[in-house]
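Please read the structure below before turning to the comments.
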Amino acid sequence: MAESEAAQEATGRELTMSRAMVEAIASEMEADEEVFVMGEDVADYGGIFDSTQGLLEQFGRDRIMDVPISETGFIGAAVGAAQAGMRPIAELMFVDFFGVTMDQIYNQMAKNTYMSGGSVSVPMVLMTAVGGTYNDAAQHSQTLYGTFAHLPGMKVVVPSNAYDAKGLMHRAIRADDPVVYMFHKRLMGLGWMPAPEGPKTPVPEDDYEIEFGEAAVKREGEDVTVVTLGLHVHRALEAAEDLADDVDVEVIDLRTLVPLDTEAVLDSVRKTGKLVVVDEDYRSFGVTGEIVARVAEEALDDLAAVERVAIPDVPIPYARPLEREVQPGVEDISRAVWAVHE
Amino acid sequence: MSGEPVDVDSGAVWPADAEDVTEAIVANWFVREGGRVEEGDTIAEIQIEKVSVDVPAPATGEVVEVLVGENEEFERGDALARIRPS
């Protein structure tokens, strides 16, 4: 938040998350001709969630490439280009489509540096749209944060606002290892999918990087720690505001899952003793369990109470009231905070 | 130099292929009241029948008033904001 406030002083303009991402990509493409983008509908359409809006006009079809609908084909091509010294940004349109291309992502992109004994690097960014809240049903609404963070060999980045989105994108493109950059559709600032208050922030025009593995304390508090990421940073902040007269809530935005800023979580829990983890991924075998386990390993004596708020272990429903039911909402977070506070 | 406020005219950015459309909404503002803009900066994004259109600042100066808020409707030709040139 301090970074964002500094940015506010430096510039009068605010950007949506999608425009902040595009600005970082354009800047890296101007600086390094090895950087290029490939994916479904990234050229003429500008990305179905605006993640590449305007880049075709600026850089042309050699560097902003629409590809056939074969995730295995084009993500495999990106891995090869990266190993040959280029810096591809490949867009997997929805993270839900990872199944058809998981060999390229997990056995090639994530492992080739190791399998080659370090003779190649794979400096690519796999960017992908995640999340629900807009009734797109079970095959287009997942975050799959835990799935990607579970598998070693790739960084996993989840921005919650425009300032972080730009800094993390610069860092991701310059990184010499593969980065999975997961952007939440609801945060992009699309006209047809209005974002909540919060993700649109002041963004400096100059380049800057946000280091991986540095969580952000979005709100300081003494009573309860809420650890979350992505869209749910904003829901947690809203819950904290609602509760402000009764409970002093600290909200931590993880920003990156791999590497994970365990210290930031531990520092907060050592202060509050109460932990709520909020995740838009499935409850079991995921981010919530991992955070709780790390705290239990390192700060068990400080931990008085724990709650998890996540998607129940069911495919995400299409029907609006049913999706609302499974999606962690502001009230769900408030209830969990009360439960550990009392 | 500072002069009379200039309207940000929605009609000036209306696409030729949306001549028969009269209403639109403001999707995003990229500057707040009191913010400074340079002529040509993208200061807002409007949606006309699901098509996004960027709105450039018509003058360099201070945004003294935002007249149509985010997610609010307006009619073609309505002023979206006022900028005091300086």
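Letters A, B, ... are given to chains in the order of the sequence lines, protein chains preceding strands, and every chain is numbered from 1. Any value given below was found using the heavy atoms of this structure, including those in side chains, with hydrogens, waters and symmetry copies removed.
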Under 4.0 Å between a Lys/Arg side-chain N and an Asp/Glu carboxylate O for A:R13 and A:E23?
yes
Test: A:R219 and A:E241 ion pair at under 4.0 Å:
yes
Lys/Arg-Asp/Glu bridge criterion (N-O < 4.0 Å) met for A:R174, A:E28
yes
With respect to chain A, which residue among B:N28, B:V31, B:V26 yields the maximal number of heavy-atom pairs within a distance under 4.5 Å?
B:N28
Checking heavy-atom separations under 4.5 Å from chain A, one finds in residues 13-21 of chain B none
Side chains of B:T22 and B:R76, donor plus acceptor under 3.5 Å:
no
State, with a plain yes or no, whether a side-chain heavy atom of A:R19 is found less than 4.5 Å away from one of B:T42.
yes
Looking only at heavy atoms, which of residues 46-64 of chain B get nearer than 4.5 Å to chain A?
B:Q47, B:D54
Would you check if the side chain of A:T201 reaches a backbone N or O of A:Y163 as a donor-acceptor pair within less than 3.5 Å?
yes
Would a 4.5 Å heavy-atom cut-off, applied to side chains only, mark A:M188 and A:M193 as touching?
no
For A:F59, which of A:E57, A:R63, A:R61 qualifies under side chain to side chain contact (heavy atoms under 4.5 Å, CB included)?
A:R63
Quick one: which of A:H234, A:H184, A:H232 gives a side chain to side chain contact (heavy atoms under 4.5 Å, CB included) with A:S160?
A:H234
Would you check, one step at a time, whether the test side-chain hydrogen bond (donor to acceptor under 3.5 Å, both in side chains) holds for A:K185 with A:Y134?
CA-CA 9 Å; A:K185 301 154 211 167; A:Y134 65 107; 2.9 Å; yes
